[in-house]
Amino acid sequence: MPELPEVETVRSALALELPGRRVTAVAGRSVSMRRPLDVEALATILPGRRFLQPRRRGKFLLLDTDPPGSLLIHLGMSGRLMLVDSAAAHRPHTHVTLTFEGGRELRFVDPRRFGLMTWLEPDAEGTDPSLITLGREPLDGAIDEWLPPMLKMRRAPLKTLLLDQRVVVGVGNIYAAEALWRAGIHPTRQGRRTSLGRLARLAREVRSVLTEAIEQGGTTIRDFATPDGDSGYFAVRLQVYGRQGQPCKACGATLRAKTIGGRTTAFCINCQT
DNA sequence: CCAGTATCCTGCAGGC
DNA sequence: TGCCTGCAGGATACTG
């Protein structure tokens, strides 16, 4: 469900309320997730700790604490964090509930269980298998300088490369499709068969679409919401994602869809070459 | 090393 | 109405 703009939206919402809050209790039930969720371990470690300013790395959230350590969270496809009063209605598939002093709660809800919530010791961030393979942040530095040479070396479809978190982090199925459409590049085009000039344009479109989506609070297609329950407003600005069969907003041609790298990708056969 | 596919899981929309 | 199929914002363990 969430890509970089949605995770960043969650991070900034948590940043308003989380810092300084002290955990008093951890409840939940251990279930199989992308990594086994160990509620017992969290219940041993977290009570008594205070949260600091939350960080984001790609699509991961890092909730640092004092004493040092971090709660590492990935929302997968359907994951959601809710910051609510203890009396708030209980949703199905709530796997973990952290209770704070004063009765507020942070709840981790994830029906499909593709997400992740695990504890990282202070020195583990540099060795965690999910974190060490991550590529660069698209909003850090001059993406139009470092991304094109990486794409140029590869023969996979550009759509696949944009989704590869080892190449660039944070881009998912929505924003990959949007960036390729904005750049006028066909999603199956190979990295090495694209000029550096066009790759630089693609890199800039990745940055701009992510930046605009963050400004709009992310994209709500089905059920994305901030921890306060608010929706994102970028959906109305989507030009191609999910619009196959409808007219291209640039030329009017009927948008098509194709499975690329196992994911449905909409594109305009006329505007994207 | 690289590219491509299968798989984990639940919910929901659409077809019959 | 009910059943079935396919698809959904992701990552990764496989295979060739």
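In what follows, every chain begins at residue 1, and chains take the letters A, B, ... in the order their sequences are listed. Hydrogens, waters and symmetry mates are skipped; everything else that's a heavy atom, side chains included, is used.
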Fill in: Annotated protein contacts, base or backbone, on nucleotides 3-8 of chain B with a non-hydrogen cut-off under 4.0 Å, one of B, S, - each
SS---B

Item to complete: Kindly state each residue pair satisfying salt bridge (Lys or Arg N to Asp or Glu O under 4.0 Å) with at least one member in residues 23-50 of chain A, sequence neighbours excluded.
Response: A:Arg35-A:Asp128

Worksheet item: Are A:Glu205 and A:Arg201 within salt-bridge range, i.e. N to O under 4.0 Å?
Response: yes

Fill in: Nearest-angstrom distance from the residue atom CG of A:Asn173 to C1' of C:dA11
13 Å

Discussion item. Under 3.5 Å for both pairing distances: what stems, at least three Watson-Crick or G-U pairs long, include DNA chain B?
Written reply: B:2-8 with C:10-16, B:10-16 with C:2-8

Fill in: A:Arg91 CZ to B:dT10 P, straight-line distance once rounded to whole Å
17 Å

Worksheet item: Do A:Leu139 and A:Met150 belong together in a cluster built from hydrophobic side chains that touch within less than 4.5 Å?
Response: yes

Item to complete: With the side chain of A:Tyr241 defined as its heavy atoms from C-beta on, choose the nearest nucleotide among C:dT12, C:dG9, B:dT10.
Response: C:dG9

Item to complete: Please tell me if the side chains of A:Val168 and A:Leu161 come closer than 4.5 Å, counting only heavy atoms from C-beta onward.
Response: no

Response to the item:
In whole angstroms, the gap separating C1' of B:dC2 from CE of A:Met150 amounts to 14 Å

Discussion item. Tell me which residues in residues 127-139 of chain A lie within less than 4.0 Å of DNA chain C, going by non-hydrogen atoms.
Written reply: A:Ser130

Discussion item. Can you pull out the residues from residues 164-172 of chain A that lie within a 4.0 Å heavy-atom distance of DNA chain B?
Written reply: none

Worksheet item: Can you tell which of A:Val7, A:Leu81, A:Val10 makes a side chain to side chain contact (heavy atoms under 4.5 Å, CB included) with A:Ile73?
Response: A:Leu81

Discussion item. Quick check: closest heavy atoms across A:Arg107 and A:Asp85, and the distance to 0.1 Å?
Written reply: NH2-O, 3.6 Å

Worksheet, complete the sentence: Whole-Å distance, A:Met33 CE to C:dG10 P, equals 16 Å

Worksheet entry | Side-chain heavy-atom pair A:Leu18, A:Phe100 within 4.5 angstrom cut-off | yes

Worksheet item: Aromatic rings A:Phe60 and A:His74: how do their planes relate, parallel, tilted or perpendicular, breaks at 30° and 60°?
Response: perpendicular

Worksheet item: Looking only at side-chain N and O atoms, does A:Lys59 come under 4.0 Å of OP1 or OP2 in C:dG9?
Response: no

Response to the item:
Rounded to whole Å, CD1 of A:Ile174 lies from P of C:dA8 at a distance of 11 Å

Item to complete: To the nearest Å, give me how far apart CG (A:Leu163) and P (C:dA11) are.
Response: 9 Å

Fill in: Nearest-angstrom distance, P atom, B:dC9 to C:dC14
16 Å

Worksheet item: If you round to the nearest 0.5 Å, how far is CG of A:Leu255 from NZ of A:Lys249?
Response: 9.5 Å

Worksheet item: Any side-chain heavy atom of A:Val39 sitting closer than 4.5 Å to one from A:Val26?
Response: yes

Worksheet entry | Length of the CZ-C1' vector between A:Arg34 and C:dA13, whole Å | 13 Å

Worksheet entry | Distance test, side-chain N/O of A:Thr264 to OP1/OP2 of C:dA8, below 4.0 Å | yes

Discussion item. I need the minimum non-hydrogen distance between A:Ala177 and A:Ala266, along with the two atoms involved.
Written reply: CB-O, 4.3 Å

Discussion item. Strictly below 4.0 Å: does A:His93 bring a side-chain N or O up to OP1 or OP2 of B:dT10?
Written reply: no

Response to the item:
Residue pairs meeting salt bridge (Lys or Arg N to Asp or Glu O under 4.0 Å), one or both in residues 12-27 of chain A, sequence neighbours left out, come to A:Glu17-A:Arg21, A:Glu17-A:Arg104, A:Arg22-A:Glu101

Discussion item. Looking at every non-hydrogen atom in both residues, tell me the closest pair between A:Ile174 and A:Ile221 and how far apart they are.
Written reply: CD1-CG1, 4.0 Å

Worksheet entry | Nearest-angstrom distance from the residue atom CZ of A:Arg80 to C1' of C:dA8 | 16 Å

Practice prompt. Considering only NZ, NE, NH1 and NH2 on the basic side and carboxylate oxygens on the acidic side, decide whether A:Arg237 and A:Glu215 come within less than 4.0 Å.
Written response: no

Item to complete: Ignoring the backbone of A:Arg113, work out which of C:dG10, B:dC9, C:dA8 is nearest its side chain.
Response: B:dC9

